[in-house]
Structure formats: structure tokens, C-alpha cells
Amino acid sequence: MDDKRYIDLIKSTNIADYSDIKGIIIIKPYGYSIWNNIKIIFDKILIKNKYNNLYFPLLISKKLFQLEYKTLNIIPKECAIVTHSRFKINNNKLIVDKKSKLNEELIIRPTSETVIWSTLKRWIQSYRDLPKLINQWCNVIRLEMRNKFFIRNSEFLWQEGHSIHSSKKEALLEIKKVKKMYKKILKNYLCIPFITGYKTFKETFLGAKFTYSFETITKEKGKSIQLATIHYLSNNFSKVYNVKYTNIMGKRVCTWGTSWGISTRLIGAIIMIHNDKKGLILPPKIAPIQIIILPLIDNYKIKRIIIYLKDILKKSNITFEIDDNFNITPGKKFYKYDNMGIPIKLIIGINEIRNNTVELIRRDTFQKYYLYINNNIYIKILKILNSIQKRIYIFAKKRMRTKTYFVKSFKSFIKKINRNCGFYATYWYSNSKNELTIQKLTQYTIRCIIKKSNKKHKCFFSNKYTNTKIILGKSY
RNA sequence: CGGGGUGUAGCGUAGCCUGGUUAAUCGCGCCUGGUUUGGGACCAGGAGAUCAUAAGUUCAAAUCUUAUCACCCCGACCA
């Protein structure tokens, strides 16, 4: 899918639109509904894992950032900074009233570690207060130079989970738990295959000891998309904000933290991964509409069938919509709903009335089924929804595999990337300078370090011996 | 911030080089009426644009000149 097709698809399916500010988009009902489904699913997973939702403020004072700089050398980039509070009129034009300059600048959150950890100090006194497992669904702003619908917006919606623990061991265990949580939603619900691993030092979140990431590639282009990240904060933020607790021995000791997130970028990933010539193919479990019912003629018998079907679908928790606008021809409707990626079309016309059936067409294969209308019809429908869910995951996974290559030398790497974009596995002797050189030469970056083997191998770039295996990819 | 490009109706565009009954073409979409309706229907009619903004050249500017602004693509930044 080229960029134009991607943008066209988002616009024609009413998922999102541009706003009048560069890099900031409007998420329309159909798109928001996808996000909302992701949210509902992940919220359940969070609750199961004992997380509590809460909300921290949008604006953060500068003095907190100053603290982080002092201790961890974090320099915030790409922030929106609020400096004034008032306008005045000059020559019939609105201008910022310089007299209204704020004593201290406020920063719109690019992420919330700052405001959360500075608050935790007051919430955590004893080992009995730990662990603290919190999550918030919110928007953040990171002013980027270059933008792309959902993949890189200046404002995006996300979930940020934060956990604070009494020991290093417990914090690391929590990271394992979060990995499972993300694996579950990405694979079982969004049907997105992925690779996982640690970010290089250069790409690690500022203030984190390590960053663990989930990466995938797009259908045609084979470009990399980062789906989720988990940061192990160690006791770094505990040091900055002096978040300490009294342990069972009566000693005051530091806390250990993690933070992690998934964002509306996932919508972009879904679009880029699940599509064909006819448009989107949404995974049934997050599709805003799972079934579109299309009566072909305006007829009382059909109306009766629809009422009957409605009842059954509602009882089986299948989301559906009925399009009984007869001013639009069937062909046009078929194209429209195919484009929107609705998993199943149910068609009812004269033939169906005669045979007491409905015609079912699944979006992924366009296979047709004729189902008898009776109380058990939902069983077959659920089966097909499930089958679509599984099939699109398997297909995406196969595709990712065929787009994953192994290279031994930089020379063969260069040769191959000219032909195929994708994931490139190789051995790597850690060196930030070389990392940058590779990026400049090829536009490829190290997506993640996937494992450390026992055997030593030659680094594909420096020829030094190493046991580190990495995946390279071309990012959006 | 560097290099390139584009601004004409809700969207996509023609016209610009060579200024003149062109206050603007065509397609999609929208509205009204009718005939249609099993994979993007057709006919008839209709609404909708101070041609990005500002200044200049000229008898005359969408068209030429200058400035400004916005957006897009390619780099640096990046969940």
C-alpha cells in the first residue's frame, strides 16, 4: 500500500480526517469505535492484572522537568510549551498579550512519568502501599516534524501503564506480565504478528534502564512499525522524585518502576496489515460492525426475517447494522462495506425468501455460504467470524516470515535491501557510532535485539565477535 | 532548519507557459423529480468558488512580478 492509498483508505472509510493543524488528526466515529474496542478489551486485561485506571493532568510544570534533567539528564524534545494566558486585539488581529506571560512555563504532557512519580512520593510511605499498579487512558502531545495518519501524529491517544514496586525483582516480573498482556491483545485481538526484543542504548527511553519493544512490518512495503513499548525504569525516577518507602525492617529504601504503552498507532498498523485491493479487512474482534445486513428489496417478508435475525444477533453479542436504503444500488453498498472491512455481509433477496436462507459472504476470502434461517444460525456466524480472525492472523504472520531475511555481511545486506524491504536478522557488536552510520547509509535502524546466543558470531558490520542477534528494519 | 513541489467548490482537477466575452472546465459527492435495484444505475433539473493572502505591473490578472502564509514529498527529530 502506498501512502496515497493509505490516506485514501482512511478517508473513504471515515476512520479519520485532517484537522487544520499540521500533524493533528480528527478521529471519526468509525475510527474511534475501533480504538474504543481496543480500549474495552485492554481495560479488561488491565483489571484482571489488578491495574486501576486514574487520571493525571494534561499540564506539567517546568520545574519537574528541570529535576529530571538534573538527575537523569533528560532533555525533553518535541514538547508543546504553554507560555501565555491571554490575547489582545491589535489592528483587528488577535495577538498574544505579552503581559500575560506565565511565571513558569507549562508543558503539555509528552508522557506522564514526570507528573506521576512526583505525586507518588505522597502516596507511598510503607511497603504496605506497594505495589502501585496504575493506568491512564489519555492524549499526549509530541510535536513531530513529519507526520503520518496514526503512525506519527503530534497528538495521539494511548494507554500508559505505570507500576511501582518494592524490589527490582518484582519490577522485572511485572515486565514479564505486561509482555503477556500485550502479546494477548496484539495476537488474539488485533491479529498482528510481531517480533520482540530490547532497544539499543540509542533508542532506549530516556530515563529507562532498558526498553522492550514489539515490532511488526506492513503488508506490501515491509516497513517497520513499533506497536508497543515497555520501559524498565529501574530506580531512576525513584531517585529523581525521592519516592521511597519504609520496608518491613523499618529502613527507608527506594522503589522500582516500569512504564508501558500502546497508542492509536495500532489503528494505523491494523490498516496497513489487514487490507486488500477492495479495502480494509478488520479483525472481527475489534470491528465496529461485525455484520452488515443488506436487504435487496423492500418487502414485508424480508422485514420479518430481519426482525428475527436482529433478535438472534443481539442475544449472541454480535454487532451488526442494517442498510435498508433502497436508493443506493446493491453493488455500491457491497463495495462500500467491503472497503470498510466489515467481516461479514448478510444478503437477503427474493431467492433467500424462497429458500428460507440468507446469503453470507465473508470479507477475507469472499467465500459464499447459504444459511438456513433458524435459531441456530448464530452458531455458524460465530464460527465464520472466528475463522476470519484466525485466518488473517496466520496470513499476516506468514507474510512477516517471508519478509524476514538473514544476512551475514553488510555487503549482502545492502544487496538485499535494494530488492526487498523487510526485517533483517543479523549479528551485531554494539556500537552507537556504527548504528548511526548504518542508519545514514541505508535508512535502516536496529528495531530490537532479539536474543543473545551462547555461540559467538561475527558482527555483520564490524566483524568483531559477538553473541547479540538483532533485527534491522526500515521505519515509517 | 536544508533541498524540491503545490495552493482553483466538500473532495479531486482543467485553465497559468503565450493576460482579454473564461467571474472559471470536467469528474466524484450533495439537493429535487422520475425510472431502476443479485457486485460501483440512468435521465432531467439544481445548489455550491471573493481562483491561499497581500502588494505591484497593466486599459485588463486565476494567468506576469514580489512578499507572506499554509500544506505535501525527500533529509535531521520520533510512541
Side-chain angles (χ1 to χ4, degrees), chain A residues 2-4 7-8 10-12 14 17-24 75-79 93 109-113 138-161 182 199 202-206 208 211-215 224-231 259-269 277-279 294-299 302 323-339 345-355 357-359 361 363 366 368 370 436 439-443 445 447 475-476:
Chain A
D2 58 24
D3 293 353
K4 195 181 176 300
I7 294 165
D8 282 352
I10 285 170
K11 287 196 168 184
S12 66
N14 278 323
D17 201 354
Y18 288 118
S19 75
D20 62 350
I21 300 170
K22 178 183 146 70
I24 293 187
I75 305 165
K77 290 171 189 166
E78 71 212 21
C79 287
K93 278 184 184 164
R109 62 178 164 221
T111 175
S112 305
E113 276 81 2
C138 66
N139 60 336
V140 291
I141 286 194
R142 297 175 189 181
L143 297 179
E144 305 274 3
M145 299 299 178
R146 293 185 58 190
N147 312 94
K148 189 174 191 65
F149 264 127
F150 294 113
I151 302 298
R152 184 153 293 112
N153 294 141
S154 287
E155 179 183 9
F156 57 90
L157 305 180
W158 76 347
Q159 146 293 304
E160 48 177 321
Y182 280 155
K199 285 284 181 190
K202 186 175 155 272
E203 307 255 334
T204 299
F205 174 69
L206 290 168
T211 293
Y212 191 83
S213 84
F214 291 69
E215 310 268 337
S224 308
I225 300 179
Q226 184 173 300
L227 300 163
T229 49
I230 306 170
H231 310 298
S259 69
W260 28 276
I262 49 173
S263 72
T264 40
R265 178 184 274 181
L266 289 178
I267 297 173
K277 273 182 211 157
K278 295 210 168 180
L294 297 165
L296 294 183
I297 44 170
D298 200 1
N299 173 309
I302 288 187
D323 189 339
D324 53 4
N325 179 356
F326 296 103
N327 293 323
I328 298 170
T329 55
K332 194 163 189 177
K333 288 183 189 173
F334 296 156
Y335 274 87
K336 179 183 165 188
Y337 296 114
D338 286 346
N339 191 43
K345 292 192 292 289
L346 283 184
I347 297 161
I348 315 165
I350 288 176
N351 297 338
E352 282 71 24
I353 297 176
R354 208 173 286 143
N355 304 330
T357 56
V358 289
E359 186 189 9
I361 306 177
R363 174 63 183 84
F366 287 100
K368 287 181 184 177
Y370 295 92
L436 201 68
Q439 189 183 347
K440 282 199 173 152
L441 288 173
T442 66
Q443 292 182 1
T445 49
R447 304 313 306 167
S475 152
Y476 260 107

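All chains are named by letter (A, B, ...) in the order of the sequence lines, taking the proteins before the strands, and each is independently numbered beginning at 1.
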Expressed in angstrom and rounded to an integer, what is the separation of [X] atom [atom1] from [N] atom [atom2]?
X      : N      : atom1 : atom2 : value
A/E78  : B/rA76 : CD    : P     : 15 Å
A/M145 : B/rC73 : CE    : C1'   : 16 Å
A/N147 : B/rC77 : CG    : P     : 16 Å
A/I7   : B/rC73 : CD1   : C1'   : 11 Å
A/Y337 : B/rG40 : OH    : C1'   : 14 Å
A/Y18  : B/rA70 : OH    : C1'   : 14 Å
A/D8   : B/rC11 : CG    : P     : 14 Å
A/K148 : B/rC72 : NZ    : P     : 11 Å

Residue pair A/K199, A/E215: steps toward the salt bridge (charged side-chain N to carboxylate O under 4.0 Å, His left out) verdict: CA-CA 11 Å; A/K199 285 284 181 190; A/E215 310 268 337; 2.9 Å; yes

Need the pair for [N]. Rule: Watson-Crick or G-U wobble, both distances under 3.5 Å, any strand; none if unpaired.
N      : value
B/rU68 : B/rA52
B/rA44 : B/rU32
B/rG2  : B/rC74
B/rA61 : none
B/rA14 : none
B/rU22 : none

Closest non-hydrogen atom pair between A/I10 and A/F150, with its separation: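 Taking every non-hydrogen atom into account, CD1-CD1, 4.0 Å.
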
Contact summary for A/T229 and A/S213, nearest pair of heavy atoms: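 That would be CG2-CB, 4.0 Å.
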
Residue whose nearest RNA chain B nucleotide is more 5′ - A/Q443 or A/K11: A/K11

Nearest-nucleotide 5' precedence on RNA chain B, A/G261 against A/G23: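 Nearest-nucleotide comparison on RNA chain B picks A/G23.
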
Protein-to-nucleotide contact annotation, 5' to 3' order, nucleotides 26-39 of chain B [B base; S sugar-phosphate only; - none; under 4.0 Å, heavy atom]: ---S------BBBB

Taking the [atom1] atom of each, how far is [N] from [M], in whole Å?
N      : M      : atom1 : result
B/rU37 : B/rA62 : P     : 49 Å
B/rA14 : B/rU22 : C1'   : 12 Å
B/rC31 : B/rG10 : P     : 16 Å
B/rA24 : B/rC72 : C1'   : 25 Å
B/rC16 : B/rC1  : P     : 34 Å
B/rG45 : B/rG5  : P     : 44 Å
B/rU53 : B/rA49 : C1'   : 16 Å

Hey, does [X] reach any base, or is it just sugar-phosphate, or nothing, if we go heavy atoms under 4.0 Å?
X      : answer
A/T229 : sugar-phosphate
A/I151 : base
A/E144 : base
A/K22  : sugar-phosphate

Do [X] and [Y] form a cation-pi contact, if we require the NZ or CZ to be under 6.0 Å from the six-membered ring centre and within 45 degrees of the ring's axis?
X      : Y      : value
A/K148 : A/F156 : no
A/R142 : A/W158 : yes
A/K278 : A/F366 : yes

Steps toward side chain to side chain contact (heavy atoms under 4.5 Å, CB included) verdict (A/N339, A/S12): CA-CA 8 Å; A/N339 191 43; A/S12 66; 3.0 Å; yes

Steps toward side chain to side chain contact (heavy atoms under 4.5 Å, CB included) verdict (A/K22, A/E144): CA-CA 10 Å; A/K22 178 183 146 70; A/E144 305 274 3; over 6 Å; no

Point-to-point distance, once rounded to the nearest 0.5 Å, from OG of A/S154 to CE of A/M145: 9.5 Å

